[in-house]
Amino acid sequence: MANELTSRETDYAQWYNELILKGGLADYSAVRGCMVIKPYGYTLWENMRDVLDKMFKDTGHVNAYFPLFVPKSFLEKEEGHAEGFAKECAVVTHYRLKTDPNNKGKLMVDPEAKLEEELIVRPTSEAIIWNAYKDWIQSYRDLPLLINQWANVVRWEMRTRLFLRTAEFLWQEGHTAHATAEEAIEEAEKMLHVYGDFVENYMALPVIKGIKTPNERFAGALETYCIEALMQDGKALQAGTSHFLGQNFAKAFDVKYLTKENKQEFVWATSWGVSTRLIGALVMAHSDDQGLVMPPKIAPLQVVIVPIYKGPEQKALVDEKVDGIVAGLKANGISVKYDDAENTRPGWKFAEYELKGVPVRIAIGQKDIENGVVEVARRDTKEKQSIPAADLIEHVKFLMTDIQQNLYNKALAYRDAHVTEVNSWEEFKQVLHEKGGFISAHWDGTAETEDKIKEEAKATIRCIPLDNPLEAGVCVFSGKPSTQRVLFAMAY
RNA sequence: CGGGACGUAGCGCAGCCCGGUAGCGCGCUUGCAUGGGGUGCAAGAGGUCGCUAGUUCGAAUCUAGUCGUCCCGACCA
């Protein structure tokens, strides 16, 4: 075995990194904290993006594009927002280089090309977008304004990890403006459900929808909604967020509209986003010690066909069969690759496509042709089956939905087995360290207790689930009265 | 920002202690065989040893500096 992977049990973090690198999703780049997203990984992102984009459009949103650079003064306007992002911003101070007179062949920043005002590479686009909205919104007739942007953003993180936290990442950010608070809240909740729908139905990953505690809120938001997913190592991962921003940005950027009654009012805002981080979630949720496992609905490649033959005569025979299969699959909207590369043998290909997580593999050789069958292997269970050639297309269509469902069921069973109710601090720490997963526990509702728990146990409140039942109890840490359980976990 | 590791061929590494002009495996090229789970044999191509300065007849190796990347923690999507 040339390409042995580190197992999850041996070293989960290393297993994760190896899957990304060896699976061909991404590579480290020459720039600290920034990665190259390779074609296989980028195709995955495109597939995710296409589905989400359609969902956004189906809910009335349109795409636009705003500048990469944000004037520093814009970022300052919303105080909480500025504070939240200030320490991780890349800053442009000059606009020109020149050849260094003291160092032949080297370039230096031209000190005469200093910008009047520094430009910040967007860590998020609220500021630049709300500055534009000021001019776009005059009347209640201009509302709601429902805009999304697909973009890259930069956050100068201390420590980065492939897909989970890179200095530059790709994402979408929705920024909407509304006439009333109710409508804005409804929008923020609607988009949370769009995200939940996407992650569950396309990524095959169950999520818990909830709201963040004030401590964990987005900088500048009045309410942050989130979807939380559970990874195979028992740590939680925030897969998407949607924020009700109140009138904070409208006030900061003076965005008012005229009501029907001819009165000036500040507009109400939301923003919501998911990023390439979702790819990290996908990898950690479904993959195994043999490699990646891609859910069929968004897999970069759904079916791979490996020919098995001796000599050109057999190869020609196989080619002919494969032509028909490829056409049949494509006609059914299934992506397929016929890998007839000569420099690798079948066994190598089998292992390679398992590493890449291609949901279905088809092998065809002389024996199969004689028997009128093809060999079909599914990545999730690694089962191999001989299928009558005539039934192949239908069978593959069945596998696409069955694998998708199986991955979801597996992830759901794992998640459900890892939500634990605890009623004492001892129990809390024990479950957290021995079992992991979500811990449902009473909390007194204070930021102080939340901080102490974080300090002592490294667990944070992931969310207060939507429609959380009220239940009288005592805080697991402080012993003070509590009205409901919240979900704690160690998180990425 | 603290702690740890590393930088030598496309990739993974050895050589460094004890200085003498660079090697192994994979991959790549060509040929023949092989082909139902990471092929075998043969012949080839490929490296200013991260960068800079110093010591020396001579530096991948010793000294000083410098740049960069990764991993583990605290902070964050």
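Keep in mind that this is a model prediction, so the values were computed, not measured. Here is how names work: the chains are called A, B, and so on, in the same order as the sequence lines, proteins then strands, and each is numbered from 1.
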Y195(A) versus V207(A): any side-chain heavy-atom pair under 4.5 Å? no
Under a 3.5 Å cut-off for both distances, is rG19(B) Watson-Crick or wobble paired, and to whom? none
Checking all strands, does E342(A) fall into the base, sugar-phosphate, or nothing category for heavy-atom contacts under 4.0 angstrom? base
Testing rC70(B), rC76(B), rC72(B) for proximity to the side chain of Y28(A), the answer is rC70(B)
Between the base of rG37(B) and the side chain of K384(A), is there a donor-acceptor distance below 3.5 Å? yes
May I have the distance from Y309(A) (atom OH) to rG36(B) (atom C1'), rounded to whole angstrom? 13 Å
Name the nucleic acid region contacted by L237(A), choosing base, sugar-phosphate or nothing; use a 4.0 angstrom heavy-atom cut-off, strictly under. nothing
Rounded distance in Å - CD (E157(A)) to P (rC75(B)): 12 Å
Pick the P atom in rC28(B) and in rG68(B), then give their distance to the nearest Å. 34 Å
Which of these nucleotides, rA77(B), rC72(B), rG37(B), is closest to any side-chain atom of F169(A)? rA77(B)
Between rG4(B) and rU34(B), how many Å separate the two C1' atoms, rounded to a whole number? 47 Å
Could you pick out which residue, K458(A) or R462(A), lies toward the 5' side of RNA chain B when each is mapped onto its nearest nucleotide? K458(A)
Let's see if you can work this out: which of rC1(B), rG36(B), rC76(B) has an atom nearest to the side-chain heavy atoms of I308(A)? rG36(B)
Please report, to 0.1 Å, the donor-acceptor pairs under 3.5 Å made by any side chain of residues 216-223 of chain A, with sequence neighbours excluded.
{"unit_1": "R217(A)", "atom_1": "NE", "unit_2": "L222(A)", "atom_2": "O", "d": "3.0"}
{"unit_1": "R217(A)", "atom_1": "NH1", "unit_2": "L222(A)", "atom_2": "O", "d": "3.3"}
{"unit_1": "R217(A)", "atom_1": "NH2", "unit_2": "L222(A)", "atom_2": "O", "d": "3.4"}

So, does N343(A) get its side chain near the phosphate of rC28(B), meaning an N or O under 4.0 Å from OP1 or OP2? yes
Taking atom P in both rU61(B) and rA9(B), what distance in whole Å separates the two? 15 Å
Per nearest nucleotide of RNA chain B, the residue lying toward the 5' end, E168(A) or M158(A), is M158(A)
L170(A) CG - rA77(B) C1' separation (whole Å): 13 Å
Taking the side chain from H395(A) and the backbone from D391(A), do they hold a donor-acceptor pair closer than 3.5 Å? no
Side chains of T344(A) and E352(A): is there a donor and an acceptor less than 3.5 Å apart? no
Rounded to whole Å, how long is the line connecting atom CG of N152(A) with atom C1' of rA77(B)? 15 Å
Strictly below 4.0 Å, heavy-atom distances to any atom of RNA chain B: list the hits from residues 359-368 of chain A, or just say none. R361(A), A363(A), G365(A), Q366(A), K367(A), D368(A)
C1' atom, rA22(B) versus rG35(B): distance in rounded Å? 38 Å
From CD (E18(A)) to CG (D11(A)), nearest 0.5 Å: 8.5 Å
Regarding S275(A), tell me which of base, sugar-phosphate or nothing describes its non-hydrogen contacts under 4.0 Å with the strands shown. base
Applying a 4.0 Å non-hydrogen cut-off, can you work out what A239(A) is touching in the nucleic acid: base, sugar-phosphate, or nothing? nothing
Suppose you measure atom C1' in rU8(B) against the same atom in rU48(B); what distance do you get, rounded to whole Å? 12 Å
Could you label the plane-to-plane angle of the W130(A) and Y133(A) rings as parallel, tilted or perpendicular, counting under 30° as parallel and over 60° as perpendicular? perpendicular
Side-chain contact check for R159(A): nearest option of rG37(B), rC28(B), rC72(B) is rC72(B)
Which part of the nucleic acid, if any, lies within contact of G280(A), taking any heavy atom under 4.0 Å across all strands shown: a base, the sugar-phosphate backbone alone, or nothing? nothing
Whom does rG58(B) pair with, Watson-Crick or G-U wobble, provided both distances fall under 3.5 Å? none
Quick one: is R345(A) getting a side-chain N or O under 4.0 Å of the rU39(B) phosphate, OP1 or OP2? yes
Mate of rG2(B) where both pairing distances stay under 3.5 Å, Watson-Crick or G-U: rC72(B)
Under 30°, 30 to 60°, or over 60°: which ring-plane class applies to W268(A) and F244(A), parallel, tilted or perpendicular? parallel
When the C1' atoms of rG19(B) and rA59(B) are compared, how many Å lie between them, rounded to an integer? 6 Å
Measuring to OP1 and OP2 of rC70(B), would you say a side-chain N or O of Y16(A) lies under 4.0 angstrom away? no
Nucleotide opposite rG65(B) in a Watson-Crick or G-U pair, distances under 3.5 Å: rC51(B)
Whole-Å gap separating C1' (rA77(B)) and CG (L162(A)): 16 Å
Sort out the partner of rU30(B) for me: Watson-Crick or G-U wobble, both distances under 3.5 Å, none otherwise. rA42(B)
W156(A) CH2 - rA77(B) P separation (whole Å): 18 Å
Could you tell me if K452(A) sits above the aromatic ring of F477(A), with its cationic atom closer than 6.0 Å to the ring centre and no more than 45 degrees from the axis? no
Under 4.0 Å between a side-chain N or O of K454(A) and OP1 or OP2 of rC76(B)? yes
T460(A) near the nucleic acid: base, sugar-phosphate alone, or nothing, with a heavy-atom cut-off under 4.0 Å? nothing
Checking R462(A) against T460(A): is there a side-chain donor and acceptor pair closer than 3.5 Å? yes
Taking rA45(B) as the reference, what is the distance to rU55(B) when you measure between their C1' atoms (whole Å, please)? 37 Å
Please report the distance separating the P of rG46(B) from the corresponding atom of rC62(B), rounded so that it comes out in whole Å. 29 Å
Would you kindly give the CZ-to-C1' distance between R161(A) and rA77(B), to the nearest whole Å? 14 Å
Taking any heavy-atom pair under 4.0 Å as a contact, classify Q314(A): base, sugar-phosphate, or nothing. nothing
So what does R277(A) hit on the nucleic acid, given a heavy-atom distance under 4.0 Å: a base, only sugar-phosphate, or nothing? base
Specify the separation, in whole Å, of atom CD of E352(A) and atom C1' of rG37(B). 13 Å
Now, which nucleotide makes the Watson-Crick or G-U wobble pair with rA9(B), with each of the two distances under 3.5 Å? none
Among the nucleotides rG37(B), rA77(B), rC72(B), which one has an atom lying closest to any side-chain atom of F350(A)? rG37(B)
May I ask you to check whether Y309(A) and D340(A) show a side-chain donor-acceptor distance below 3.5 Å? no
OP1, OP2 of rG36(B) versus side-chain N and O of K310(A): anything below 4.0 Å? no
Donor-acceptor contact present, side-chain R361(A) to main-chain E354(A), <3.5 Å: no
